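Here the structure is laid out as structure tokens; the discussion comes afterwards.
Residue numbers start at 1 and run along the sequence shown. Every heavy atom of this structure was used, including side-chain atoms; hydrogens, water molecules and symmetry mates were not. Ligands are counted one by one from 1 in listed order, and the atoms in each one are counted from 1 as well. Worth saying up front: this structure is predicted, and the values here are computed from it rather than measured.
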Amino acid sequence: MALSTSSRLSKVVKQIYMELTQGSKVQAMYVWVDGTGEGLRCKTRTLDFEPKSVAELPEWNFDGSSTYQSEGSNSDMYLIPSAMFRDPFRKDPNKLVLCEVLKYNRKPAGTNLRYSCSRIMKMVADQVPWFGMEQEYTLLGTDGHPFGWPSNGFPGPQGPYYCGVGADKAYGRDIAEAHYRACLYAGIKLSGINAEVMPAQWEFQVGPCEGIEMGDHLWIARFILHRICEDFGVIVSFDPKPITGNWNGAGCHANFSTKAMREENGLKYIEDAIEKLGKRHQYHIRAYDPKKGLDNARRLTGKHETSNINEFSAGVANRGASIRIPRSVGQEKKGYFEDRRPSANCDPYGVTEALVRTCLLNETGDEPADYKN
Ligand code: ADP
Ligand code: MN
Ligand code: MN
Ligand code: MN
């Protein structure tokens, strides 16, 4: 099992220093999405006060030429604090600060999808859109081989691992458990976890979150997972199909509802939304992974509980469809629906924005509409 070198440093020795008092200072770790649209970066500054809300946090900057983000010679990028969480690593009163990235001209950077998403969410705030996303991920050793898999070969075929328990079924539970507790400490709306179909694959669920909060909570939950895996010396992959062949891929199902869908006979509004989604499949496929469908093409094969990337389908309790209406929602005739297409490495801002544009703003066609304020 290939574990990283730094994970072998003594965490007990480190703890001696982490117990030192920090006076009246607060450490704020600023976190942002880099130019790949998938990678996260972070750096820390000392504050001489404890911020009570994100509005109290200062803007900052970084060198975009080192994060695949700058354009030409203007390498300074702005970090705009957008959401604040408790820091489960350094603990109170320290903070994790999710930031938007702006270019030198204060326009959003190419992979800052939060900027547009928050505008769209404000336009539909009266419909109270809720989202819940199911983040699947795969644990890998530093050699890129799935965690706990035999170094030459494969574990037994899929079947016993989903929601499994026992040393021969659950690979790396320590990480999923540590992550769950760290997210609750941070203030993330983590609603659950489970072991997945492929050994070394896990899922956590975030939500329900309202509007822009979905992307904020999911991105920080991903950051916390990367950071915990760093401590354990393993790597977390959000690749949608880390192992080819008869092994499940990794998605990020997006569950969605509005106030009307959650109320009596809301099923009618759910069916309306699904009909609109059926007419805009390609637009959604492009919005659902960072490579505009190429990543998901490896995963959405029509096998392994996925739909075919080229076809739109919907059904009650159907896990082989693009859209699934949970059985309980079909029975109660109200609730939410699940879009199973987003890839594990999707940007939740892009996914939730696309859902709102199509289902609530009635957009059609291949391009997002341009709304003048
Ligand atoms: P699955 O059966 O697809 O594995 P999960 O239990 O893993 O479902 O995830 C369900 C997700 O749906 C959770 O993230 C939860 O927060 C979300 N959810 C529940 N109710 C709603 C709702 N009314 N609107 C939007 N999301 C919801
Ligand atoms: Mn799930
Ligand atoms: Mn799952
Ligand atoms: Mn699901």
- Message: Strictly distance-based, threshold 3.5 Å: is any side-chain N or O of W202 a donor or acceptor partner for the main-chain N or O of I175?
- Response: no

- Message: Looking only at N, O or S atoms, which one in E134 sits nearest to the Mn ion (ligand 2)?
- Response: OE1

- Item | N/O/S atom name from H253 that is nearest to the position of the Mn ion (ligand 4) | ND1

- Message: Can you tell me if, anywhere in E203, an N/O/S atom lies at a distance from the Mn ion (ligand 3) that is smaller than 2.8 Å?
- Response: yes

- Note on the structure: Of all the N, O or S atoms in E338, the one nearest to the Mn ion (ligand 4) is OE2

- Before accepting this row, confirm whether a basic side-chain N of the pair K95/E50 lies closer than 4.0 Å to the acidic partner's carboxylate O. yes

- Task: Find, among atoms of E196 that are N, O or S, the one nearest to the Mn ion (ligand 3), and state its name.
- Result: OE2

- Item | Shortest-distance N, O or S atom of E136 relative to the Mn ion (ligand 3) | OE2

- Between H179 (side chain) and A221 (backbone), is there a donor-acceptor pair under 3.5 Å? yes

- Query: Checking R222 side chain against G39 main chain: does a donor-acceptor pair fall under 3.5 Å?
  - Reply: no

- Query: Between R90 and L96, is there a donor-acceptor pair closer than 3.5 Å when you use the side chain of the first and the backbone of the second?
  - Reply: no

